[in-house]
Trainee: 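Right, I'll just put the structure down here and ask away after.
Since the model is a prediction, treat every value here as computed from it, not as a measurement.
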Amino acid sequence: MILVIAEHDNKHLKPATLNVITAASKFNEDISLLVAGSNCEKVAVQCAQIEGVAKVILADAPCYEHQLPENLSALIVGLANSYHYILAPATTFGKNFLPRAAALLNMAPITDVLEIIAKDIFVRPIYAGNALATIQLTAAIKLLTIRPTAFAAAHTLQASAPIEKCALVENTELSTFIKEELTQSVRPELSAAKIVVSGGRGMQSAENFKHLEELADCLGAAVGASRAAVDAGFVPNDYQVGQTGKIVAPQLYIAIGISGAIQHLAGMKDSKTIVAINKDPDAPIFQIADYGLVGDLFEIIPALITALTKLKQ
Amino acid sequence: MKILVTAKRVIDYNVKIRVKADQSGVETANVKMAINPFDEIAIEEAVRLKEKGIATEVIVVSMGTDAVQETLRTALALGADRAIQVQTEQELQPLAVAKLLSALVAQEMPRLVIMGKQAIDDDCNQTGQMLAGLLQWPQGTFASQLVIEGERLQVTREIDGGLATIALKLPAVITTDLRLNQPRYASLPNIMKAKQKPLAIITPAQLGVDIAPAWATLKVTSPLTRKIGVKLNSAEELVAKLNDLGVLP
């Protein structure tokens with residue numbers, strides 16, 4: 001039996017959960033999906049339609065509204081006994097509570113699983129993805145966070161799994177939620193986008209990022225950035241792709257004015273096709289790019305937009 | 001208020017790591033070592049709290065062979081008051097580290113533990129959350145801002161979609177993200193002074209903690225390298241190539 005913890009905002013299921021379900025299905029055991037939140041029945045209904053989910057467990061109480069790790073971990077401990085595996089996405093949501101739940105169960109968790117080799121053997125990145133460790137875990141309950149980009153998304157069905165209500169209310173009162181400031185964007189979410197256009201220090205200013213955004217909109221792409229661009233204040237921190245930011249693996253990744261520091265490559269090198277645009281022909285980004293364009297990015301971006309517009313006509 | 005901070009000894013972030021030919025791990029012999037950068041941010045934050053008069057003492061902990069004493073001296077030069085080495089030759093995994101820290105917290109009674117959100121060698125991102133769980137303390141992970149008001153701690157956290165702000169009851173565990181602060185450099189006088197600061201040594205057995213590993217590393221390999229692609233001459237050529245690949249909308 002496997003317990004997967006759903007990531008959601010009480011209204012919508014976050015797509016990363018679908019990738020975790022695919023990872024969970026590798027174990028060939030029944031999958032229960034836990035939806036813990038407040039007034040989140042709508043999410044449970046969405047979850048019940050995911051292929052491979054045998055049962056949805058709905059823990060609906062005000063103390064779970066913001067999925068504070070203290071309360072969520074206590075809830076998971078209450079449910080854990082029936083399961084061999086407890087899985088969550090390796091996002092800031094999953095990374096926050098899963099190790100805490102594991103410690104409460106006296107089990108060592110494994111974070112950022114890239115590949116499931118056997119029921120107890122997993123591959124995970126170390127040193128910012130510059131090495132891969134294959135590890136065998138002996139814990140009786142295996143708590144794993146799954147890197148969403150390493151597994152395909154599970155499909156949704158017309159049919160619906162049963163939704164079971166869970167009455168456990170674990171309110172530790174250790175922490176309280178104050179506010180959330182989420183970046184508003186009409187573009188696709190960075191970690192789920194099929195195409196990502198990212199800018200680096202070479203963009204030179206926040207103002208210049210508008211050109212890059214225009215190109216992204218032309219492609220229906222998400223906008224990302226290197227740490228250098230974030231540190232320079234060109235874009236908010238949640239744009240950051242890299243070891244310390246988001247890990248992405250889209251069909252197409254276009255890196256513009258990004259030199260290709262190891263820290264950035266760790267976040268995007270699993271993209272299907274990589275395009276690099278940089279004025280420096282020796283920039284390390286060209287080492288991993290499928291296609292490179294050397295030149296002034298302020299000339300290349302408009303030329304790309306023109307060529308793409310022409311193609312659409 | 002006492003603050004406990006951690007300092008893991010890791011390969012310096014500027015070093016390009018090399019996987020050993022026998023796949024047993026990553027080469028660490030004759031490689032430059034440093035404090036885990038996220039721990040450096042934790043130390044800086046604790047020292048700033050002391051400079052503001054909020055903290056009374058900053059205790060830094062590192063675990064491993066006697067080589068970590070160098071790491072501890074660096075942390076003392078950055079402003080920590082005293083150091084503790086948990087001495088062992090054995091491999092330490094995050095759950096064992098969390099249990100050792102939990103035992104030290106019981107001895108030292110700090111009101112706040114600040115540690116890096118992850119170490120840049122194993123990238124586990126677990127120990128802070130596990131320590132908080134073992135202590136039944138609240139946790140503020142991936143912190144980019146801390147505001148302490150009496151017995152209440154307000155933490156701004158970096159999350160996937162932006163920022164989240166929470167309030168914690170002290171005592172608490174904080175894990176640092178990159179934008180929490182910009183760590184200082186140790187000055188020469190402070191490096192000299194650090195040599196005189198107390199450094200205590202304790203063993204896992206003295207702390208009563210079983211450090212047996214929970215997993216075995218079967219092998220460590222290099223990721224598949226991508227083959228170098230082609231340089232194109234124009235934006236038109238690029239768009240045509242991408243169109244042929246079928247990756248354009």
Trainee: Side chain, backbone, both or neither: which part of B/Val19 has an atom under 4.5 Å from a heavy atom of chain A?
Mentor: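 Contact with chain A: side chain only.
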Trainee: Looking only at heavy atoms and a cut-off of under 4.5 Å, which of B/Leu168, B/Thr221, B/Thr217 has the most pairs with chain A?
Mentor: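 Heavy-atom pairs under 4.5 Å are most numerous for B/Thr221.
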Trainee: A side-chain contact here means heavy atoms from C-beta on lying under 4.5 Å apart; do A/Thr176 and B/Lys169 qualify?
Mentor: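 In short, these two side chains do not touch, never coming nearer than 4.5 Å.
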Trainee: Against chain A, label B/Ser234 side chain, backbone, both or neither, depending on which of its atoms sit under 4.5 Å from a heavy atom there.
Mentor: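 Contact with chain A: backbone only.
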Trainee: Hey, which of B/Val247, B/Leu163, B/Asp160, B/Ile166 has the most heavy atom pairs under 4.5 Å with chain A?
Mentor: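 Heavy-atom pair counts peak at B/Asp160.
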Trainee: Pick from A/Leu190, A/Asn106, A/Val294: which one has the most heavy-atom pairs with chain B under 4.5 Å?
Mentor: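 Winner by heavy-atom pair count: A/Asn106.
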Trainee: Relative to chain B, which of A/His66, A/Lys272, A/Arg227 shows the most heavy atom pairs under 4.5 Å?
Mentor: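 Among A/His66, A/Lys272, A/Arg227, the one with the most close pairs to chain B is A/Arg227.
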Trainee: Testing the basics here: between A/Thr111 and B/Gln126, what is the closest heavy-atom pair and its distance to 0.1 Å?
Mentor: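 Here A/Thr111 and B/Gln126 meet closest at OG1-NE2, 3.3 Å.
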Trainee: Salt-bridged, B/Lys227 to A/Asp290, with N to O below 4.0 Å?
Mentor: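 Looking at A/Asp290 together with B/Lys227, the answer is no, because their closest N to O distance does not fall below 4.0 Å.
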Trainee: Quick one: does B/Arg226's side chain have a donor or acceptor within less than 3.5 Å of a partner on A/Ile288's backbone?
Mentor: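 Judged by distance alone, yes, a pair lies under 3.5 Å.
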Trainee: Go through B/Leu178, B/Leu248, B/Asn125 and name the one with the most non-hydrogen pairs under 4.5 angstrom from chain A.
Mentor: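 So the answer, after comparing B/Leu178, B/Leu248, B/Asn125, is B/Leu178.
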Trainee: Flag the one option from B/Glu158, B/Glu237, B/Glu236, B/Lys99 with the top tally of heavy-atom pairs under 4.5 Å to chain A.
Mentor: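 Ranked by heavy-atom pairs under 4.5 Å with chain A, first place is B/Glu158.
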Trainee: Considering non-hydrogen atoms only, spot the tightest contact between B/Leu232 and A/Leu293 and give its length.
Mentor: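 Answer, listing the atom of B/Leu232 first, then A/Leu293: O-CD2, 3.4 Å.
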Trainee: Quick one: does B/Thr141's side chain have a donor or acceptor within less than 3.5 Å of a partner on A/Asn96's backbone?
Mentor: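 Flag not set: sc B/Thr141 to bb A/Asn96 has no pair under 3.5 Å.
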Trainee: I need the minimum non-hydrogen distance between A/Tyr127 and B/Asp123, along with the two atoms involved.
Mentor: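 The pair with the smallest heavy-atom distance is N-OD2, 3.4 Å.
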Trainee: Relative to chain A, which segment of B/Arg152 carries a heavy atom at a distance below 4.5 Å: side chain, backbone, both, or neither?
Mentor: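 The answer is the side chain of B/Arg152.
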Trainee: Heavy-atom pairs under 4.5 Å with chain B are the metric here; pick the option from A/Glu299, A/Lys179, A/Gln251, A/Glu180 that has the most.
Mentor: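 Highest number of heavy-atom pairs under 4.5 Å: A/Lys179.
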Trainee: Can you name the nearest heavy-atom pair linking B/Ala167 to A/Ile178, along with the distance?
Mentor: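 The pair with the smallest heavy-atom distance is CB-CD1, 3.7 Å.
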